[in-house]
Amino acid sequence: MKRTTLRIVEKFPHLERIIALKENGMLDKKHFQSLPLVDQTFLRLACFFENPETENFNLTLLYKGLDNDWLEWALELIALYFREDTYLIQNPSISIIREGSEYYNQSHFAEYLNACGLNYTRQKVKNYYSRGKIPNADLVIDGTAYWSQSTVEKFGEQERKRLKIK
């Protein structure tokens with residue numbers, strides 16, 4: 001499963017079974033139409049992510065089925081898909097950064113590492129970043145460093161291995 005599809009399944013766990021039915025050609029139209037419109041939209045998006053050669057995604061679904069946070073998240077997923085799952089965007093020049101986005105500032109980076117059992121403060125992240133002990137930021141806006149979720153997760157995993165923390 002593609003990373004973007006996995007993110008959809010994290011928020012909509014019940015869609016995992018439906019995606020499998022769709023991939024096996026066992027999803028009937030009635031079952032699909034019984035889903036709420038938000039679920040239908042993210043199901044179609046996940047099916048496109050998994051099989052872009054055979055599945056299409058109509059942007060009208062975003063317009064009719066989503067608003068506010070759901071719409072922003074869908075747009076983030078689409079950008080993430082083209083950046084990380086297809087690599088069609090190799091040098092991203094734009095990004096959507098908002099609370100709960102795929103990017104972490106120094107404080108959120110430290111919070112994530114602490115949740116992984118590592119002792120990090122925002123100041124420690126800042127110091128380690130300036131010394132080159134933390135990966136380069138994926139994005140810098142007005143002097144503020146941001147790391148993608150995948151960069152933060154990889155670093156956390158490396159640190160847990162280095163410190164032998166399970």
Side-chain angles (χ1 to χ4, degrees), residues 1-16 19 38-39 41-53 55 57 59 61-63 65-166:
M1 223 178 250
K2 301 264 185 341
R3 285 182 270 200
T4 44
T5 305
L6 290 172
R7 289 204 166 96
I8 291 171
V9 168
E10 284 174 4
K11 288 208 189 228
F12 300 93
H14 62 282
L15 291 184
E16 185 171 22
I19 292 167
V38 170
D39 293 32
T41 302
F42 283 104
L43 174 60
R44 289 263 190 223
L45 196 54
C47 290
F48 169 76
F49 291 157
E50 289 301 305
N51 300 298
E53 298 290 330
E55 297 290 330
F57 182 78
L59 288 176
L61 290 171
L62 296 179
Y63 179 75
L66 305 178
D67 61 10
N68 299 320
D69 292 341
W70 287 126
L71 180 56
E72 284 184 311
W73 189 60
L75 293 170
E76 283 182 41
L77 287 174
I78 292 168
L80 185 67
Y81 170 76
F82 284 104
R83 254 193 335 265
E84 295 186 11
D85 287 339
T86 69
Y87 302 102
L88 290 173
I89 300 175
Q90 294 179 4
N91 298 309
S93 61
I94 64 164
S95 181
I96 300 170
I97 298 183
R98 63 180 179 86
E99 189 68 33
S101 78
E102 302 291 328
Y103 286 93
Y104 292 66
N105 62 19
Q106 290 177 357
S107 296
H108 294 118
F109 198 154
E111 288 171 14
Y112 176 84
L113 295 173
N114 276 309
C116 292
L118 300 163
N119 186 20
Y120 275 79
T121 62
R122 188 195 65 73
Q123 189 61 38
K124 185 174 180 179
V125 169
K126 180 182 178 188
N127 290 338
Y128 276 32
Y129 175 58
S130 67
R131 295 177 190 162
K133 293 183 177 187
I134 283 182
N136 289 331
D138 295 300
L139 189 64
V140 177
I141 299 175
D142 286 338
T144 301
Y146 294 92
W147 293 265
S148 69
Q149 182 173 347
S150 61
T151 299
V152 172
E153 289 171 351
K154 285 176 192 170
F155 180 76
E157 187 176 316
Q158 290 170 351
E159 282 293 277
R160 284 192 308 273
K161 284 180 183 176
R162 186 179 70 80
L163 298 170
K164 297 178 181 163
I165 298 172
K166 290 187 180 186

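When reading the values below, keep in mind they use all heavy atoms of this one structure, side chains included, and skip hydrogens, waters and symmetry mates. Residue numbers start at 1 and run along the sequence shown.
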Compute the ring centroids of F48 and Y81, then answer whether they are less than 6.0 Å apart.
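Close enough - the centres of the two rings lie under 6.0 Å apart.
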Before we go on, tell me: are the rings of W147 and Y112 under 6.0 Å apart, centre to centre?
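No; Y112 has its ring centre 6.0 Å or more from that of W147.
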For a quick test of reading the model, state the closest non-hydrogen atom pair linking [X] to [Y] and the distance between them.
X	Y	answer
Q106	Y129	NE2-CD2, 4.3 Å
L62	T41	CD2-CG2, 4.1 Å
D138	S148	OD2-N, 2.6 Å
T151	P135	CG2-CB, 3.9 Å
T5	A46	OG1-O, 3.7 Å
L43	L15	N-CD1, 4.0 Å

Any chance you could measure [X], atom [atom1], to [Y], atom [atom2], to the nearest 0.5 Å?
X	Y	atom1	atom2	answer
R83	I78	CZ	CD1	12.0 Å
L139	T144	CG	OG1	10.0 Å
E16	I8	CD	CD1	12.0 Å
E111	R122	CD	CZ	11.5 Å
K2	L77	NZ	CG	14.0 Å
T4	L80	OG1	CG	6.5 Å

Test ring pair (Phe, Tyr, Trp, His ring centres under 6.0 Å) applied to [X] - qualifying residues, sequence neighbours left out:
X	value
F42	F12, W70, W73
Y120	Y128
F155	F109

Between R7 and E10 (salt bridge meaning N to carboxylate O under 4.0 Å), is one present in this structure?
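No, R7 and E10 are not salt-bridged.
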Any donor-acceptor N or O pair under 3.5 Å, side chains N68, E72:
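There is no such pair (donor and acceptor under 3.5 Å, judged by atom type) between the side chains of N68 and E72.
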Got a sec, which residues hit salt bridge (Lys or Arg N to Asp or Glu O under 4.0 Å) with [X], two or more places apart in sequence or on another chain?
X	answer
D85	R3
E55	K22
E157	K161

Using a 3.5 Å distance criterion without hydrogens, assess whether the side chain of N105 forms a donor-acceptor pair with backbone atoms of S107.
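Side chain of N105 to backbone of S107, a donor-acceptor pair under 3.5 Å: yes, one is there.
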